[in-house]
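A short write-up of the structure that comes next.
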Amino acid sequence: MFLRGSIARLRPEQAKVRFQRPSRIAPLLIRSFSSGQQIRFKQTFFNPNEEPDKNKDNKKKKKKGPDPSNQPQDFLKNTKWTNWIFPGLVISLFLNSYSGGESNQMTFQDFKVNYLEKGLVKCITVINNSFVEAELVTQHPRIVGFTIGSVEFFEKELDEIQDKLGIPNNERIPVSYIRRSSIFSYIMPFVPTLILIGGTYYLARQLQKRAPNGKGGGPLNNIMGIGKSKARLFNQETDITVKFKDVAGCDEAKEEIMEFVTFLKEPKKYEKLGAKIPKGAILSGPPGTGKTLLAKATAGEAGVPFLSVSGSEFVEMYVGVGASRVRDLFSTARKLAPCIIFVDEIDAIGKSRESGPMGANDEKEATLNQLLVEMDGFEDTDHIVVLAGTNRADILDKALTRPGRFDRHISIDRPDIEGRKAIYKVHLKPLKLEHPVTDEFAGRLAALTPGFSGADISNCCNEAALIAAREDADVVKLVHFEKAIERVIAGLERKSRVLSPEEKKTVAYHEAGHAICGWYLQYADPLLKVSIIPRGQGALGYAQYLPGDEYLISQEQFEHRMIMALGGRVSEELNFDDITTGAADDFKKVTQMANMMILRLGMSKKLGTITFETNSQQPRVHKLFSEETFELIDNEVKRVINEAYEKCRKLLTEKIDEVEKVAQELLAKEVLTRDDMIRLLGPRPFEEKNDAFKKYLLPPNEQQNRPEEGAQAA
Ligand SMILES: Nc1ncnc2c1ncn2[C@@H]1O[C@H](COP(=O)(O)OP(=O)(O)OP(=O)(O)O)[C@@H](O)[C@H]1O
Ligand SMILES: [Zn+2]
């Protein structure tokens, strides 16, 4: 638009132009050869310093009249103006891109024929070396425009035509070269800044949306709150309903932890005597033994807030996040004090710092260091107790367990029969049972589930209720519990897995072999059930034994267990021409037991009382034993297994009729109970070793009977 004006200043008669392309720096340079003068044009088509149309604004203002609300600050306060930024921008770009819209677009050919050759062209402007605008002597149209491929070609054509028309040099059409930039080139440099400002504004808005309680808010909270601790707070009034009475068994652990409760309740009692209360305790034990529950109960008893966090929640891929979360956790705790912090799975950060195949891990180390610093940092008067749970107390960093930090070590083991009974009583309470919970009933369930942890028991009770519901029963009965227990131990029954008659026969004889060995071996555990219904992942048949709560296992017991495990394969050998793959798992167990006897338990006379076990955590630099010892170990393991095998074969050869009886019965009924076994074979010739079994599972008449001594052992 402005361009036209500038060109207009150049009279056609004034300029005889040799066509020359402008340099970049001097976009509007025309050399007039007629005058030999260089004429410089001011680039006026877009000058940011020059207000293009001041009058327009004035007119607008006049129209509207003076309006106090039109003060700039009022206008800015009214956020609606932001709505007009983008449409305005788009419109101005649109106008800009069509700034040449007034000229009639055509082809160079049309221009040549219709205007140039007829001598109607006043002057020519080449814009950006690609577009040509020509001002005509006519009024309609006054300006025409067309695109050109190359300036050289255009110049040549123009020269040729003017030569042809015989126009003298001094009357030739003046040609000017200009560069016209779009508004984009002025806006572009500001775009990154605008995006940055816009982004910051958006972030700030998102953060403002965050609810005052710290919860909720936009997804950005996740990014901004990365250094925040993820600890869950359980409020003492509402959330922690757990009390010591809900934690069954583990009485010693409760007693130990009771000290923390009294400290949090009556700190004065200790402080006036100058006693320092331990800052923390590590609760260690196998999974599901109630470490979290005990920690919660401690908070529940003391009536203080409980901050629970898992060690793995400190571990992030970003360096420094773990330490920052630890800091945040403790600063929260200080605000809530007196309170209890519980760090579950502390081994995730508290692992011994040099251990691990990759050496030290800087981020974990920083997190652990921060934890140590925080634990040193709080005073007894802060009234914060830190409890930590782990399954691997042995791999914890020594710095964690030194006095002044986690100086109490409370270990919680799997519950024994009495413990299980107590835990059953807790978890049976919410169920609708056939009879009220008796000592006998809970004891029976406890006897049926040796080795179960608290979590297993809770799971088992729930499973029983689910089974009862599936069967549309009104109440949960003992059978439902028995099914649930079997399911937890051996997996789901898979009746859909159909075995061929041949396979079924093999499985029956295999299981009968195990069962007969167990029946006639003195140190075998009491048999509860033999079944040839496939279960779980790969078991085609299985037998359920009830080991008691044993803390010591004799060599003879080991041997008898090995014989029992081999019974399946030996029975196959005795009853069929071929053997099958069914004994793979049995061999694994046998080999493990033999290895343990030889390498760890000093049960080989030849090798003596020495352990050959290596700590796999530490790198092995040299061989721990000589080639001869190695060979000896090999031979001893083989010897132990072979002896067991021979004893097993001898036993089952003698009892081949009994094997037959049991196998046939199994094929007919699929499941044999202890009662079935007694019916087929007579009572077991030994007294059962398992007291719990005797007390809760044997019928009263059997409990009195002393089984005849002297029956055949292996
Ligand atoms: N002594 C117990 N008395 C009652 N219930 C128990 C007991 N021990 C475990 N449970 C049950 O098992 C569940 C799991 O226990 P908890 O989470 O405390 O185990 P944990 O030792 O912390 O396990 P992990 O080591 O896997 O974290 C509890 O919610 C509870 O229902
Ligand atoms: Zn087997």
Side-chain angles (χ1 to χ4, degrees), residues 241-254 257 282-300 306 308-312 342-348 387-393 410-416 418-430 442 446 452-462 490 506-518 530-532 535 538-545 561-573 579-590 648 652:
T241 46
V242 185
K243 292 273 160 68
F244 276 158
K245 67 169 170 37
D246 302 307
V247 189
C250 49
D251 293 328
E252 297 87 353
K254 273 198 260 182
I257 219 160
I282 286 188
L283 305 172
S284 74
T289 42
K291 298 180 288 291
T292 315
L293 195 70
L294 190 61
K296 258 191 203 172
T298 313
F306 182 71
S308 169
V309 64
S310 167
S312 56
F342 179 63
V343 188
D344 206 355
E345 291 158 45
I346 196 163
D347 35 308
L387 302 177
T390 176
N391 302 328
R392 298 287 313 271
I410 301 171
S411 91
I412 306 178
D413 225 340
R414 283 221 173 77
D416 60 2
E418 290 306 316
R420 291 199 298 275
K421 208 164 93 177
I423 298 173
Y424 267 112
K425 281 184 184 165
V426 169
H427 289 280
L428 287 175
K429 229 180 260 164
F452 270 36
S453 68
D456 291 330
I457 290 173
S458 144
N459 176 29
C460 177
C461 289
N462 191 47
T506 313
V507 177
Y509 277 92
H510 179 107
E511 292 305 329
H514 285 309
I516 293 295
C517 287
V530 198
S531 149
I532 55 166
R535 261 188 188 276
L540 298 178
Y542 87 108
Q544 190 183 350
Y545 295 92
R561 283 184 186 177
M562 284 166 71
I563 296 171
M564 261 171 77
L566 288 167
R569 162 58 69 85
V570 172
S571 171
E572 281 182 57
E573 284 175 0
I579 49 175
T580 67
T581 54
D585 206 47
D586 297 332
F587 294 155
K588 207 164 119 191
K589 273 188 227 154
V590 170
C648 181
L652 287 188

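Because the structure is a prediction, the values reported are computed rather than measured. The chain is numbered in sequence order, starting from 1. Atoms within a ligand are numbered from 1 in the order they appear, just like the ligands themselves.
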Any atoms of ligand 1 less than 4.0 Å from a non-hydrogen atom of Val247? List them with their elements. 1 (N), 3 (N)

With heavy atoms of Ala248 as the reference, note each atom of ligand 1 found under 4.0 Å away.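 Ligand 1 atoms under the 4.0 Å threshold to Ala248: 1 (N), 2 (C), 3 (N), 4 (C).
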
[atom]: the protein heavy-atom neighbour that sits closest, reported with distance to 0.1 Å:
{"atom": "atom 19 (O) of ligand 1", "result": "Gly290 N, 3.3 Å"}
{"atom": "atom 27 (O) of ligand 1", "result": "Asp344 OD2, 3.5 Å"}
{"atom": "atom 14 (C) of ligand 1", "result": "Ala455 CB, 3.9 Å"}
{"atom": "atom 24 (P) of ligand 1", "result": "Gly288 N, 3.7 Å"}
{"atom": "atom 17 (O) of ligand 1", "result": "Thr292 OG1, 3.6 Å"}

Any [X] side-chain heavy atom under 4.5 Å of [Y] side chain:
{"X": "Leu283", "Y": "Ile257", "value": "yes"}
{"X": "Leu428", "Y": "Cys461", "value": "yes"}
{"X": "Lys296", "Y": "Phe342", "value": "no"}
{"X": "Cys648", "Y": "Cys517", "value": "yes"}
{"X": "Ile532", "Y": "Tyr542", "value": "no"}

For the Zn ion (ligand 2), decide whether Asp586 has an N, O or S atom at a distance under 2.8 Å. yes

Nearest heavy atom to atom 7 (C) of ligand 1 wins, so pick from Leu293, Asp251, Asp246.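 Considering heavy atoms of Leu293, Asp251, Asp246, the nearest to atom 7 (C) of ligand 1 sits in Leu293.
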
Check: of Lys425, His427, Glu345, Lys291, min heavy-atom distance to atom 30 (C) of ligand 1 comes from His427

Measure the spacing between NZ of Lys245 and NZ of Lys254 and express it to the nearest 0.5 Å.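 Between atom NZ of Lys245 and atom NZ of Lys254 there are 10.5 Å.
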
Could you pull out every donor-acceptor pair under 3.5 Å between side chains of residues 581-589 and any protein atom, sequence neighbours left out?
| unit_1 | atom_1 | unit_2 | atom_2 | d |
| --- | --- | --- | --- | --- |
| Asp586 | OD2 | His510 | NE2 | 3.1 |
| Asp586 | OD2 | His514 | NE2 | 3.1 |

Side chain, backbone, both or neither: which part of Leu294 has a heavy atom under 4.0 Å from ligand 1?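 Contact part for Leu294 vs ligand 1: neither.
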
Given that the side chain starts at C-beta and the backbone is N, CA, C, O, which of these parts of Ile423 lies under 4.0 Å from ligand 1, counting heavy atoms, or is it both or neither?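 Side chain only.
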
Only one of Thr390, Ile410, Asp413, Ile412 forms a side chain to side chain contact (heavy atoms under 4.5 Å, CB included) with Ser284, so which one is it?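 Going through the options one by one, the only one that passes is Thr390.
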
